[in-house]
There are 2 protein chains.
Amino acid sequence: MLSRMESEPVIGRRGAHAKGVARRQEILDRAIEVFRERGADGTSLRRIAEAIGVSHAALLHYFDSREQLLVAVYAHAEAQRAAADAARRAEGAPLPLRGVDSMADAAVKNVEVPGLVQLYSTLVAAALESSSEVSREFFSARFERVRSELTTSFRVQQEDGSIRDDVPAEHLAALVVAASDGLQIQWLLEPSVELEGTLRSIATLLQPQPGPDPRRS
Amino acid sequence: MLSRMESEPVIGRRGAHAKGVARRQEILDRAIEVFRERGADGTSLRRIAEAIGVSHAALLHYFDSREQLLVAVYAHAEAQRAAADAARRAEGAPLPLRGVDSMADAAVKNVEVPGLVQLYSTLVAAALESSSEVSREFFSARFERVRSELTTSFRVQQEDGSIRDDVPAEHLAALVVAASDGLQIQWLLEPSVELEGTLRSIATLLQPQPGPDPRRS
DNA sequence: GTCTATACTTTGATAGAC
DNA sequence: GTCTATCAAAGTATAGAC
């Protein structure tokens, strides 16, 4: 029941032998930098290995496949962000945002690092192919977790009357996740779309509604 | 100003020489079937060529690259759907849907052919990479066109009072596109999310609002 | 356990024959 | 216009050095 990150689930296989795990994390840290800088562009196993300073076979010693490495990189980047957020809050920073605002904030931060959004899109697309189990399992679980957290948050807000309750919380959760993902892509392709403004407009759409108008026929 | 499809823009290079164009369309028709059946799974140039009955080099005679072929396939599939819709309407079928309903309808039809959604996701992800100009140009233009059409539709509806007008039509358009794209992916990964119901919930969110409540403090 | 060297296979792409 | 041959790059797998 610790509020602390419960030691970030290891995506790869071997390890659990302290030393190996440490080296693994080191590789992930460096790989993340590669993606941050160059995006998912020329990120073959050999290029990543070269940037890290090892042979490509060495990477496969820690990860079963290129796909598994990529998923691990994304998961690691996400965990880093979560840890940073937690640390910031621990220092007395603003309270955890709820519902829509948390997504809007995360989205804005995401597009500052296009390489990671690129990686995310690539892996989600891969998850739809029957060949890539690793991606599918990771993103199925991730979507379910995020939707579930948002649903809970929305349900609470519906009960205390801070948002409308004439639309199921589950629908709102799925919609907000979809909108956030989709808008980040649209923004990367055409920065004239107002990412933050559009996401904040969702808050307006969610404002509490008056009961059904009795004057209506 | 014809309402008819203006001869579907040719994505490839050569052609314009009648004969070549015909063969081209033939290849695209067959390639679409491959994607409909097997999705974007094992769709290397050689596999597609094999399914069609030619060598992979033959495909590259009509398309500069694999990416260009894939974009052409997607564009062709979309044009086919648009043509079918137009034909259906010409037979006195229901009038063109507006705004949200048109997107919801399209989304539901899309997920019936997972292979095409897969192809779409793959190409959108590719469009984010600086290496693939073809995808980026196609999808940048596509997003802009769809957003623009939706914006116009929403603006009209705002003026005649059928939807709320306290959120910019541009925001609504971008949101609906994003929600539709994102939900299709979520549904493919977890069919328990209610694709159609969730998309229709957007209509509820867009219902006209009463003016600001004067009783409020 | 960690890593290099190396080889195998598939793939996108090009060149040249017919 | 289409095929065969060929290439370079990439993912993957294995053997063996340390």
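Quick note: numbers below take in every heavy atom, side chains included, and nothing from hydrogens, waters or symmetry partners. Below, read A as the first sequence line, B as the second, and so on, with proteins coming before strands; counting in each chain starts at 1.
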Between CD1 of B/Ile52 and C1' of D/dC3 the distance, given in whole Å, is 15 Å

Within the structure shown, what part of the strands sits under 4.0 Å from B/Arg66 by heavy-atom distance: base, sugar-phosphate, or nothing?
sugar-phosphate

Side-chain donor/acceptor of A/His56 to base of D/dA10, under 3.5 Å:
no

Heavy-atom closest pair (A/Arg98 atom, A/Ser153 atom, distance to 0.1 Å) is CB-OG, 4.0 Å

Notebook entry, point to check: Do the side-chain N or O atoms of A/His61 get closer than 4.0 angstrom to the phosphate oxygens (OP1, OP2) of C/dC3?
Noted result: no

Between CG of B/Leu59 and P of C/dT14 the distance, given in whole Å, is 14 Å

For the residue pair B/Tyr120 and B/Phe139, does the interplanar ring angle fall in the parallel (under 30°), tilted (30 to 60°) or perpendicular (over 60°) class?
perpendicular

To the nearest angstrom, the CG-P distance between B/Asp41 and C/dT10 comes to 17 Å

With the side chain defined as heavy atoms from C-beta on, A/Val54 is closest, among D/dT12, C/dT4, C/dT14, to C/dT4

Whole-Å distance, B/Leu70 CG to C/dA13 P, equals 11 Å

B/Leu60 CG to C/dG16 P, in whole Å, measures 17 Å

| task | For B/Ala58, report the nucleic acid contact type (base, sugar-phosphate, nothing); a contact means any heavy atom under 4.0 Å. | result | sugar-phosphate

Original post:
Would you call B/Asp85 and B/Lys109 a salt bridge, taking side-chain N to carboxylate O under 4.0 Å as the test?
Top reply: yes

Against the side chain of B/Leu45, the closest entry in C/dC3, D/dT2, C/dA13 is C/dA13

Side-chain atoms of B/Arg47 come closest, of D/dG11, D/dT2, C/dT11, to C/dT11

- Query: Think A/Tyr62 has a side-chain N or O under 4.0 angstrom from the OP1 or OP2 of C/dG1?
  - Reply: no

Smallest heavy-atom separation, A/Met103 atom then A/Ser180 atom, equals CE-CB, 3.7 Å

Does B/Arg23 get its side chain close enough to the base of D/dG1, under 3.5 Å, for a donor-acceptor pair?
no

Rounded to whole Å, the CZ-P distance (A/Phe63 to C/dC3) equals 12 Å

Which of D/dT6, C/dT2, D/dA13 is nearest the side chain of B/Arg46? It is D/dT6

Here the distance between atom P of D/dA9 and atom CD of A/Glu50, to the nearest Å, is 12 Å

B/Asp64 atom CG is separated from C/dG12 atom C1', nearest whole Å, by 13 Å

ask   = Checking all strands, does B/Ser55 fall into the base, sugar-phosphate, or nothing category for heavy-atom contacts under 4.0 angstrom?
value = base

Between A/Ala57 and A/Gly42, the residue closer to the 5' end of DNA chain D by nearest nucleotide is A/Gly42

- Query: Got a salt bridge between B/Glu190 and A/Arg147, using NZ or NE/NH1/NH2 to carboxylate O under 4.0 Å?
  - Reply: no

